Amino acid sequence: MISRSRRVMTALLCALSLAGVTALSACSDSTAASGAKVTIGYSAWPGWFPWAVAQEKGLFEKNGVTVDLKWFDSYTESINALSSGAIDANSQTLNDTLASVSGGAKLSVVLVNDNSTGNDKIIARQGITGVADLKGKKVAVEQGTVDHYLLLLALQEAKLTEKDVELVPLLTDAAAAAFVGEQVDAVAAFAPFTSKALERPGSRAIATSAEFPGAIPDHLVVSEQMSKERKKEVQALVTTWFQTIDWIKQNRDEAVRIMAKRGAVSIEEYKSYDAGTTIFTKQQNLDAFTPGVTPAHLNFQAGRIADFIISNGLAQNRPNFDGLFDDQYVKAVK
């Protein structure tokens, strides 16, 4: 199984510097002037595998954009690549985007790919039937990730805190392996590593992202400068995404084959992820971009996530939301 080693909120805080921000600006100027191809980063999350379909079926070219679709075994590296200007766009979570912005990055969310609706899970050994039973138990999780966030939300709902469990910090792939090896009592992980964790006899999910609607949205993110200076190319990417989703609906078997191959899982395993990742329609995108006061709205979720990363010491500065949510490209899709 190809490793998507991180969905991390803190990586950019270490990677960003004045030099890095300057490099981002310089790179954007250069690519804008030359009309070079667009490089999109993505990694092992079911909501991003449709990009592989777009590439294989030539849908980028049909919209007049040349794309270098760059796969990252390490999700963290994709975030750092966007911050340094090594790539033009990246597939990443709202949590990680906000952490980057709090560290000084100028980014624009131009598309909602999906919401996690079950593919992020807290999985426990036999005998543990609910989150409250985690008190005093060993729980493996990659610190700073959206699954760490999910764990804290679940603990809070069970009237517990992180101090009530013995946190075992491991990369997600290693955390799943440790759980299967009976080194810990529970693990918080995302698909496809959830499949690995559930190989432990008697294990079961005791909480999932389905219970926290809107908490884990995934996006296509570009530099703010690219959004301002390369609008035609950004529009082509967003348009291609929706055309790809339509193509997948009409050619389901072939699409699943392509996406399962990219994820290095069986076709049956990939099909099991369907309900746990809700791919957003254009209307769902428009609704999410519209300011509101419910979990369905990005500005609302961004506020909650900002509170989380500040209160847990994952960022020192509250991220500025000005210009962060750019819905012009979704609105322009026919």
Side-chain angles (χ1 to χ4, degrees), residues 1-7 41-57 69-75 78 91-93 113-126 140-142 145-147 150-151 170-184 186-212 215-218 241 244-245 247-280:
M1 192 176 292
I2 292 175
S3 171
R4 181 175 188 244
S5 64
R6 300 186 180 211
R7 300 177 78 199
Y42 76 131
S43 46
W45 172 249
W48 298 331
F49 290 153
W51 290 127
V53 176
Q55 181 182 48
E56 183 160 328
K57 305 312 296 185
L69 193 59
K70 184 174 177 57
W71 176 263
F72 286 86
D73 285 336
S74 167
Y75 171 60
S78 75
S91 302
Q92 58 190 58
T93 70
N113 300 115
D114 68 272
N115 265 199
S116 176
T117 49
N119 275 339
D120 290 88
K121 304 177 188 291
I122 300 171
I123 298 169
R125 63 167 171 77
Q126 189 171 20
V141 67
E142 187 169 351
T145 64
V146 290
D147 294 288
L150 174 65
L151 174 64
L170 293 169
L171 298 183
T172 302
D173 52 352
F179 177 72
V180 173
E182 301 186 5
Q183 299 169 31
V184 295
V187 61
F190 56 86
F193 300 108
T194 47
S195 296
K196 176 66 177 177
L198 287 167
E199 291 176 4
R200 179 170 173 172
S203 62
R204 62 186 290 258
I206 57 172
T208 79
S209 51
E211 297 159 36
F212 301 92
I216 306 178
D218 299 299
W241 174 264
T244 302
I245 299 308
W247 191 94
I248 289 172
K249 290 178 181 177
Q250 296 167 18
N251 303 272
R252 186 65 185 168
D253 290 344
E254 184 177 359
V256 168
R257 177 188 60 77
I258 294 170
M259 294 187 289
K261 180 180 178 182
R262 177 64 279 182
V265 296
S266 71
I267 288 175
E268 289 308 310
E269 280 182 303
Y270 193 86
K271 287 180 178 179
S272 73
Y273 302 146
D274 276 356
T277 304
T278 298
I279 301 295
F280 268 32

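Please read these numbers as outputs of a predicted model, since none were measured by experiment. Side chains included, hydrogens not; waters and symmetry mates left out as well; all remaining heavy atoms used.
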Problem - Criterion side chain to side chain contact (heavy atoms under 4.5 Å, CB included) on Trp247 and Arg252, from CA distance to verdict - result: CA-CA 8 Å; Trp247 191 94; Arg252 186 65 185 168; over 6 Å; no

So does [Y] get a backbone contact from the side chain of [X], meaning a donor-acceptor N/O pair under 3.5 Å?
X	Y	value
Ser43	Ser78	no
Gln126	Ser203	no
Thr244	Pro50	no

Rounded to the nearest 0.5 Å, how far does [atom2] of [Y] lie from [atom1] of [X]?
X	Y	atom1	atom2	answer
Ile258	Asp253	CD1	CG	11.0 Å
Phe49	Lys261	CZ	NZ	13.5 Å
Thr145	Asp120	OG1	CG	8.5 Å
Thr117	Phe212	OG1	CZ	14.0 Å

Could you tell me which non-hydrogen atom of [X] sits nearest to which non-hydrogen atom of [Y], and how far apart they are?
X	Y	value
Ile123	Ala197	CD1-CB, 3.7 Å
Ser209	Ile216	CB-CD1, 4.2 Å
Asp147	Lys121	OD1-N, 4.2 Å
Ala174	Leu170	O-CD1, 4.0 Å
Tyr42	Trp48	CD1-O, 3.5 Å
Leu198	Arg204	CD2-CA, 4.1 Å

Exercise for the section: Dump the intermediate steps for side chain to side chain contact (heavy atoms under 4.5 Å, CB included) on Arg262 and Trp51, then the final yes or no. Expected result: CA-CA 10 Å; Arg262 177 64 279 182; Trp51 290 127; over 6 Å; no

Exercise for the section: State whether Tyr273 and Lys271 meet the cation-pi test: NZ (Lys) or CZ (Arg) under 6.0 Å from the six-membered ring centroid, and within 45° of the perpendicular axis. Expected result: no

Practice task
Verify the ring-centre separation between Phe193 and Phe190: is it less than 6.0 angstrom?
Solution key: yes

Practice task
Can you spot which of Thr93, Val146, Asn115 makes a side-chain contact (heavy atoms from CB on, under 4.5 Å) with Asp218?
Solution key: Thr93

Exercise for the section: Name all residues meeting the salt bridge (Lys or Arg N to Asp or Glu O under 4.0 Å) criterion together with Arg125; count only those two or more places apart in sequence or in a different chain, and write none if there are none. Expected result: Asp185

Handout entry: Counterpart residues, side chain to side chain contact (heavy atoms under 4.5 Å, CB included), relative to Thr277 (two or more places apart)
Key = Trp45, Pro46, Asp114, Asn119, Ile279

Exercise for the section: Report the C-alpha separation of Ile248 and Val53 in whole Å, then their side-chain angles, then the decisive distance to 0.1 Å, and conclude whether the side chain to side chain contact (heavy atoms under 4.5 Å, CB included) test is met. Expected result: CA-CA 8 Å; Ile248 289 172; Val53 176; 4.1 Å; yes

Practice task
Write out all pairs satisfying salt bridge (Lys or Arg N to Asp or Glu O under 4.0 Å) with one or both partners inside residues 44-57, taking only residues at least two apart or from two chains.
Solution key: Glu56-Arg257, Lys57-Glu254

Handout entry: Pair Ile122-Leu151, side chain to side chain contact (heavy atoms under 4.5 Å, CB included): steps then yes or no
Key = CA-CA 7 Å; Ile122 300 171; Leu151 174 64; 3.9 Å; yes

Exercise for the section: Evaluate the side-chain proximity of Phe179 to Lys196: yes if any heavy-atom separation is below 4.5 Å, no if none is. Expected result: no

